[in-house]
Engineer: 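Have a look at this one.
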Amino acid sequence: MEKYNHKKIEKKWQEKWDKDKPHKAEDFSKKEKSYLLIEFPYPSGDGLHVGHPRPYIGMDVIARKRRAEGKNVLYPIGWDAFGLPTENFALKTGVHPKEVTKKNTDIFRKQIKSLGISFDWSREINTTDPEYYKWTQWIFLQLFKKGLAYKASVAVNWCLSCKIGLANEEVVDGKCERCGGETEKRQKEQWMLAITKYADRLDKDLDDVDYSEPIKIQQRNWIGKSEGAEIDFDIKNSDRKIKIFTTRADTLFGSTYMVLAPEHELVQELKSQITNFNEAEKYINDTKKKTEIERTAEGKEKTGVELKGVTAINPANKEEIPVFIADYVMVEYGTGAIMAVPAHDQRDFEFAKKFNLPIVEADLVDMDEVIEKVKGKKTIKYKLRDWVFSRQRYWGEPIPIIHCDECGPVAVPEEHLPVELPDIKDYKPTDSGESPLSKAKSWVNVKCPKCGKMGKRETDVMPNWAGSSWYYLRYADPNNDKALADAKNLKYWTPVDWYNGGMEHTTLHLLYSRFWHKFLYDIKVVPTPEPYQKRTSHGLILAEGGEKMSKSKGNVVNPDEIVETFGADTLRTYEMFMGPFDQVIAWSTNNMVGVRRFLEKIWRLQRKIGDGSDVILDGTIKKVTDDIEAMKFNTAVSTMMILVNELEKTKEISKNTYEKLLILLAPFAPHIAEELWDKIGNSDSILSEVWPKYDSKKTITDKAEIAVQVDGKVRATIPVSIDDDEDSVKEKALSNENVKKWTDGKNINKVLYVKGKIISIVTG
RNA sequence: GCCGGAGUGGUGGAAUUGGUAUACACGUACGACUCAAAAUCGUAUGCUGCAAGGCUUGUGAGUUCGAGUCUCACCUCCGGCACCA
């Protein structure tokens, strides 16, 4: 018998799959469709590390199994290739981002192919391809036409080192999500997408999809739906009112002062009435100067200034109460103003203590009655903010808008799409925040499509989340030049049946793409209200010491080396076996050895094929089948290991048993499965084999033995058969020698028999 | 602070959802094969004890014939959110 030579085998079958394309999905096939999706990678210059393919392998196992079950599986791949690292690398080396991207995707493609993932490579897409981003721009224009893309002057989170404005979702602990650098607020004209218009549906429709519970909860928290009421407070000697939002209208009687956000416009409007306006103005300017980190780092110590001369009237008890500005109230949320109830709110309490304000317990009253009495209005507020969509960099999709002095922002006519990125020499970002594209004068200066006068192109580009917000639609029809995808294709393939990705994208990509999809649904481009029927997540793979893998720490495990020395099948099966799929786990090359041994055992089993009787496989088949669908890949593998250990002990095994084992193994270790399938005399590929069925009656292991407990402790096991009646089993248990030893001289109070499981004897 | 998730051998982890805790794998020890080593195979391996037995799923209580699993309180770790009214 030849030795198991993974290099030879894996090369052989990968070349065959490349040629025969057995993983190609068929549009409009009569078979039941199954659209499986992983998050398409960003092709970085470093290539893959061993953690990247974990989700690809997991979904590949499911894809291969479902094909064997007769489904028409779409399992596609592409490249999310716009973004900063490529641009930064290009800036450093002088190589154009386009070329960097080409080089990186070539490396990634080669690496992924070396793992034998069954992607349908005929549908490969790339977000930086003009034929692709043409449709990203097209979607933007539809948003623009419906008023959901608009330009506004907003305080954006500005990353000082990337020199780029960030969306709220991209700021973590006041720092840039990408580079970890400090951010500050800058007032800038930005393109915004009105995701808040969809807040309600993005929250509510989570009821209709099969996402894992933590994902739903995290999205709901981020959307931050909060039901309450808006109530107007009169201002003494003024016809203006202060509108507040509260979820606790029932505490209105305990409101002893009010707070406006420093940036609240009412502060300026009441200027003439405020006797200490200089003091207030200084506080407002100080607040503006603070970066996000400073504002939260100073944290708990409350600051503020009373607006002297301004007195509000509590509508519940008509009491006159003072009005403050303080930075613990945010302009962006609610109405930017609050009624403070120090007896019932921790923050108000701290503030009241510091400023010696009265703390009054509110009587328990009915919320609805109070709202009605003070003529309040029930409303719902969300924490979700509109999406800052402008980026002042080069390597992104140009926003297809032309600014005209006469007409304002005008959409580029659809027949002029794509607006391609101009080739420019200098695409360095600028401190002023002006996009590098503004330097391409001949590109920028164009005629207004509406009036024909000279106008200027928008020079901001889209964020890297744009192309990924709809890519799963393109896979349904990747080469269409009339539409983002043909309606027929979308009707056949969408929604995505199962989408697996990282938990870190829950409030970014996942939410953004749900928003775009809902919009496309509203304008009747896509046939379903939700893009993804089911969403699961995978755990990160850490380095051996339990730290995150990173180039700088030098602890990156390269899959190429593992494939070279152990083989792709070992790598694949180990990544499935190492632990629960959704859990963070540390890499261990030592532990991987066990999986290699397992595959070698299967390899050697081929010698034993002979007259052996069929081993009852039903239990194994059921367990592997169910575990794969539940993503419990680790126990699926261990179930096969148990079977293989058993087969090793027998002299001869039947061909049928061995073949079934190979079919079960194939989704995990496809190369060795194909090779062995071929070696034992099959002319067809194992890929055309049908997933084995099991007899569910035979999977119930009618245990030959059950345990006997005396006073809660197992004292014996006795043989029973499924037909034994209760009394005879009890009789058998009580007459057992070991049991007698423990019941001797005691009263037997109770004997319980749980069929097929246990006998419990209670003595007194 | 709030919202999730998790604590099981020397290690990664199993446990049919209330029914024989520690499957599977790594590691370790001993044995077989070998001149030898590697590979492979076999046996053992939660702790304690010569043994019978006792103890054991982060800690403490509770429910139950029976708890890793359910309830309450607490501790620790991981993830998310955070002056959000």
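Every chain is numbered from 1 and lettered A, B, ... according to where its sequence line falls, protein lines coming before strand lines. Both backbone and side-chain heavy atoms feed into the values below; hydrogens, waters and symmetry mates do not.
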Engineer: Is it true that the NZ or CZ of Lys730(A) lies under 6.0 Å from the centre of Tyr753(A)'s six-membered ring and within 45 degrees of the ring axis?
Structural biologist: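 Judged by the rule, Lys730(A) and Tyr753(A) form no cation-pi pair.
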
Engineer: Taking N and O atoms by type only, does the side chain of Arg385(A) place a donor or acceptor under 3.5 Å from a partner on the base of C84(B)?
Structural biologist: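 Answer is yes: a donor-acceptor pair is held.
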
Engineer: Using a cut-off of 4.0 Å on non-hydrogen atoms, how would the nucleic acid contact of Asn749(A) be classed: base, sugar-phosphate, or nothing?
Structural biologist: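 Touches nothing.
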
Engineer: When all nucleic acid strands are considered with a 4.0 Å heavy-atom cut-off, which category describes Asn634(A): base, sugar-phosphate, or nothing?
Structural biologist: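 If one applies the 4.0 Å heavy-atom cut-off, Asn634(A) turns out to touch the sugar-phosphate alone, with no base involved.
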
Engineer: State the syn/anti category of G9(B) according to its glycosidic angle, syn meaning within 90° of 0.
Structural biologist: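 Base orientation: syn.
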
Engineer: Kindly give the heavy-atom pair with the smallest separation between Pro342(A) and Ile359(A), and that separation in Å.
Structural biologist: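 Looking at all heavy atoms of both residues, the closest pair is CB-CG1, 3.8 Å.
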
Engineer: Between the protein and nucleotides 1-12 of chain B, list the N/O to N/O atom pairs that are separated by less than 3.5 angstrom.
Structural biologist:
from: G12(B); atom 1: O2'; to: Met578(A); atom 2: O; distance (Å): 2.9

Engineer: Using a heavy-atom cut-off of 4.0 Å across all strands, would you classify Val754(A) as base, sugar-phosphate, or nothing?
Structural biologist: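 Answer is base: heavy atoms of Val754(A) come under 4.0 Å of a base.
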
Engineer: Do Tyr574(A) and Trp587(A) have their ring centres less than 6.0 Å from each other?
Structural biologist: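 Close enough - the centres of the two rings lie under 6.0 Å apart.
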
Engineer: Strictly under 6.0 Å, is that where the ring centroids of Tyr333(A) and Tyr382(A) end up?
Structural biologist: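 No, the ring centres sit 6.0 Å or more apart.
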
Engineer: Scan Thr246(A) against the nucleic acid and name what it touches under 4.0 Å (heavy atoms): base, sugar-phosphate only, or nothing.
Structural biologist: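 Contact class for Thr246(A): sugar-phosphate only.
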
Engineer: Within the 4.0 Å heavy-atom criterion, would you say Gln709(A) contacts the bases, only the backbone, or no part of the nucleic acid?
Structural biologist: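 Base contact - Gln709(A) has a heavy atom under 4.0 Å of at least one base atom.
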
Engineer: Any chance the rings of Phe577(A) and Phe633(A) have centres within less than 6.0 Å?
Structural biologist: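 Centroid distance Phe577(A)-Phe633(A): not below 6.0 Å, so no.
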
Engineer: Looking across every strand, which nucleic acid part, if any, lies under 4.0 Å from Ile642(A) by heavy atom: base, sugar-phosphate, or nothing?
Structural biologist: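 Sugar-phosphate contact only.
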
Engineer: Rounded to the nearest angstrom, tell me the gap between atom CE in Met592(A) and atom C1' in C24(B).
Structural biologist: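 Spelled out: CE on Met592(A) to C1' on C24(B) is 17 Å.
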
Engineer: For Lys623(A), report the nucleic acid contact type (base, sugar-phosphate, nothing); a contact means any heavy atom under 4.0 Å.
Structural biologist: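 Lys623(A): no heavy atom of the nucleic acid under 4.0 Å.
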
Engineer: Taking donor-acceptor contacts at under 3.5 Å, does the side chain of Lys302(A) reach the base of C83(B)?
Structural biologist: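 Present.
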
Engineer: Reading RNA chain B from 5' onward, which residue's closest nucleotide shows up sooner: Tyr333(A) or Lys632(A)?
Structural biologist: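 Comparing both residues, the 5'-ward one is Lys632(A).
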
Engineer: Tell me whether the side-chain N/O atoms of Arg597(A) come closer than 4.0 Å to OP1 or OP2 in G27(B).
Structural biologist: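 Yes, because at least one side-chain N or O of Arg597(A) sits under 4.0 Å from OP1 or OP2 of G27(B).
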
